[in-house]
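For the numbers below, each heavy atom of this structure counts, side chains included, while hydrogens, waters and symmetry mates do not. Just so it is clear, the model here is predicted, and its values are computed rather than measured. Below, read A as the first sequence line, B as the second, and so on, with proteins coming before strands; counting in each chain starts at 1.
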Amino acid sequence: MKIASWNVNSLKARLPHVERWIAESGADVLAMQEIKLLDEAFPHLMLEPTYAFRAVSGQKTYNGVALLAKRELHEVTFGVPGYDDPQARVVAGTVDGVRIVNLYVVNGESVGSPKYRYKLEWMARVRDYLAAELARYPEMVVLGDFNVAPDDRDVYKPERWREKVLCSTPEREALQSWLALGLHDSFRLFEAGPGHHSWWDYRLMAYERGWGLRIDLVLVSDALKPRVAAAGIERAPRTWERPSDHTPVFVELAPRP
DNA sequence: ATGGTGGTGCGACCA
């Protein structure tokens, strides 16, 4: 089962890319972030031929997440129970017995800003949510746009990003508190080196210059780790015309033994 | 270099 995540930066603007990529990628599950449209504007007819099962948490102009699957999505939930967050950032469902939690983590704007404080509060709430989900569903994938580069290997020029938003110590510690629940960064099960990125700023020709960060992650739980057959970043869509600033990332799970 | 580009939607916002 191939499970992918992609911050599409507007599903309306990116629909041609999404259709092209799902045909090429063969993903069984696709988690999207920043769809930036209301539920009623979701292009079900365009995506239904590939993904018969869809869970959408839309929002006008900003945020919005969706979970698409070829096989049945069970136990779909939206948001974090008990956390009244007006922003559409969380959708979860179960496919073939694997819990899949799709997150669009708060960006945070800049260290110390009100949005940064919201980010840290949000990440603390989501830690508790993930702990509760893991207790119910030991086989779990947590994926999405994390808006945190886990460590300096994930940053093209760590000095330039030192203690800046996406790389600051409190954000990294919040992410580590998630990993401490028994989650693993699937990409790092296969690749230990630097120079692997999933997001490049639109400005200053950052992609062409290799100025990227790895902030889109696929975490797998302890119980699922033995089934991880591959993990990676699919860079091609970032080279297409009028791309998202993020490119898809994925994990492949071997069949249950 | 405190800029730069892109999406939404038509003026600021958010990233």
Exercise for the section: Specify the separation, in whole Å, of atom CZ of A:Arg242 and atom C1' of B:dG7. Expected result: 9 Å
Problem - Closest nucleotide among B:dG4, B:dT5, B:dT8 to the A:Tyr202 side chain - result: B:dT5
Fill in the blank from the handout: Separation of B:dG7 atom P from A:Asn7 atom CG, nearest Å, is 12 Å
Handout entry: Separation of the C1' atoms in B:dA15 and B:dG4, to the nearest angstrom
Key = 13 Å
Practice task
Find the distance A:Arg209:CZ to B:dT5:P and express it as a whole number of Å.
Solution key: 11 Å
Practice task
Please assess A:Thr247 against A:Glu234 for the test side chain to side chain donor-acceptor pair (under 3.5 Å), listing each intermediate value before the final yes or no.
Solution key: CA-CA 6 Å; A:Thr247 207; A:Glu234 303 210 346; over 6 Å; no
Exercise for the section: Would you kindly give the CD-to-P distance between A:Gln59 and B:dT8, to the nearest whole Å? Expected result: 14 Å
Practice task
Would you mind reading off the distance between A:Leu38 atom CG and B:dG9 atom C1', rounded to a whole angstrom?
Solution key: 14 Å
Handout entry: A:Thr61 vs B:dG9: side-chain N/O to OP1/OP2 distance below 4.0 Å
Key = yes
Handout entry: Whole-Å gap separating C1' (B:dC14) and CG (A:Leu166)
Key = 13 Å
Problem - Side-chain donor/acceptor of A:Trp6 to backbone N/O of A:His246, under 3.5 Å - result: yes
Problem - First of A:Asn9 and A:Tyr104 reached from the 5' end of DNA chain B, by closest nucleotide - result: A:Asn9
Practice task
For nucleotides B:dC14 and B:dC10, find the distance between their P atoms and express it as a whole number of Å.
Solution key: 16 Å
Handout entry: Atom pair distance, as rounded to whole Å: NZ in A:Lys60 and P in B:dC13
Key = 16 Å
Exercise for the section: Would you tell me if any nitrogen or oxygen in the side chain of A:Lys36 comes within less than 4.0 Å of OP1 or OP2 on B:dC14? Expected result: no
Practice task
Tell me what A:Tyr207 touches on the nucleic acid: a base, only sugar-phosphate, or nothing, going by heavy atoms under 4.0 Å.
Solution key: nothing
Practice task
Could you label the plane-to-plane angle of the A:Trp178 and A:Trp122 rings as parallel, tilted or perpendicular, counting under 30° as parallel and over 60° as perpendicular?
Solution key: tilted
Problem - Phosphate OP1/OP2 of B:dG7 contacted by A:Lys12 side-chain N/O (<4.0 Å) - result: no
Problem - Among B:dG9, B:dG4, B:dG7, the nucleotide that comes nearest once only the side chain of A:Arg203 is considered - result: B:dG4
Exercise for the section: Using the P atoms only, state how far B:dG9 lies from B:dC13, rounded to an integer number of Å. Expected result: 15 Å
Problem - Distance-only side-chain donor-acceptor flag, A:Lys36 / A:Asn9, under 3.5 Å - result: yes
Handout entry: A:Arg14 side-chain N/O to B:dG6 phosphate OP1/OP2 under 4.0 Å
Key = no
Problem - Base paired to B:dC14 (Watson-Crick or G-U; both N/O distances under 3.5 angstrom) - result: B:dG6
Practice task
Please determine if A:Glu121 and A:Arg125 form a salt bridge, counting it only when a charged side-chain N lies under 4.0 Å from a carboxylate O.
Solution key: yes
Problem - Separation of atom OH in A:Tyr62 from atom P in B:dG11, rounded to whole Å - result: 14 Å
